[in-house]
Amino acid sequence: FMETVYSRRQDELTEEWDQYERKIKDVYSWIKKSRATLESQQFKSRPLRDQHVYSEKTLADIMTQKTKITMSFEKLQV
């Protein structure tokens with residue numbers, strides 16, 4: 001019985017770890033894309049107002065990404 005409980009818990013932890021790794025990879029990919037956009041010549045040639053709006057949106061998205069990682073990490077700690 002204990003082996004079954006242990007095995008299930010280990011499977012759950014493995015799945016949670018895999019989800020955490022996927023989130024980290026997704027966020028890393030998002031960071032690379034965002035950085036490339038912000039550093040692109042096309043972005044820099046936009047009016048300052050448009051650059052500012054996009055930067056504000058990116059800041060909001062950063063908080064969303066941070067929340068995703070934090071929630072996923074907290075699952076691992078339980």
Side-chain angles (χ1 to χ4, degrees):
F1 174 74
M2 287 305 290
E3 289 177 11
T4 304
V5 171
Y6 178 76
S7 178
R8 285 184 188 159
R9 182 63 184 145
Q10 189 172 5
D11 290 345
E12 289 173 12
L13 287 172
T14 300
E15 177 60 29
E16 288 171 5
W17 181 259
D18 291 344
Q19 289 177 10
Y20 179 73
E21 283 184 324
R22 282 192 299 273
K23 296 260 190 239
I24 292 292
K25 288 177 183 177
D26 290 346
V27 170
Y28 181 73
S29 175
W30 177 84
I31 289 169
K32 284 173 55 175
K33 288 179 191 176
S34 295
R35 179 176 286 150
T37 298
L38 291 169
E39 293 175 349
S40 72
Q41 194 59 39
Q42 181 181 4
F43 178 78
K44 291 178 181 179
S45 66
R46 290 180 166 182
L48 287 177
R49 181 180 64 244
D50 293 348
Q51 290 181 38
H52 178 73
V53 168
Y54 184 81
S55 296
E56 289 292 321
K57 180 189 176 305
T58 302
L59 283 173
D61 290 346
I62 287 170
M63 295 307 296
T64 301
Q65 299 297 333
K66 180 181 174 186
T67 301
K68 286 180 184 180
I69 290 174
T70 301
M71 289 174 62
S72 187
F73 182 73
E74 287 173 353
K75 277 184 168 181
L76 288 175
Q77 292 181 324
V78 173

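All values derive from a computational prediction rather than experimental measurement. All residue numbers in this chain count up from 1 along the given sequence.
- Side chain of Ser29 to main chain of Lys25: no donor-acceptor pair is present (N/O by atom type, distance under 3.5 Å, no hydrogens or angles).
- Clustering ILVMFWY residues whenever any of their side-chain heavy atoms sit less than 4.5 angstrom apart, transitively, puts Met71 in a cluster other than the one holding Leu13.
- Under the 4.5 Å side-chain heavy-atom criterion for ILVMFWY residues, a single connected hydrophobic cluster contains both Val27 and Leu76.
- Hydrophobic clustering, with ILVMFWY side chains joined whenever heavy atoms are under 4.5 angstrom apart, keeps Leu48 apart from Leu38.
- In this structure, the side chain of Ser7 does not engage the main chain of Glu3 through any donor-acceptor pair within 3.5 Å.
- Taken to the nearest 0.5 Å, the CD1 atom of Ile31 stands 7.5 Å off from the CZ atom of Arg35.
- Both Trp30 and Ile69 are part of a single hydrophobic cluster, where members link through side-chain heavy atoms under 4.5 Å apart.
- Taking NZ of Lys23 as the start and CD of Gln65 as the end, the distance is 9.5 Å to the nearest 0.5 Å.
- For the atom pair CG of Asp11 and OH of Tyr6, the computed distance is 10.5 Å after rounding to the nearest 0.5 Å.
- There is no path of hydrophobic side-chain contacts, each under 4.5 Å, that joins Phe43 to Val53.
- The salt bridge (Lys or Arg N to Asp or Glu O under 4.0 Å) with Glu15 is formed by just one residue from the set Arg22, Lys75, Arg8, Arg9; it is Arg22.
- Put simply, the side chain of Ser45 gets close to the backbone of Gln42: a donor and an acceptor are under 3.5 Å apart.
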Does the salt bridge (Lys or Arg N to Asp or Glu O under 4.0 Å) test come out yes or no for Lys57 and Asp61, once each step is laid out? CA-CA 6 Å; Lys57 180 189 176 305; Asp61 290 346; 2.8 Å; yes
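- A donor-acceptor pair under 3.5 Å is absent between the side-chain atoms of Ser72 and the main chain of Lys68, judged by distance alone.
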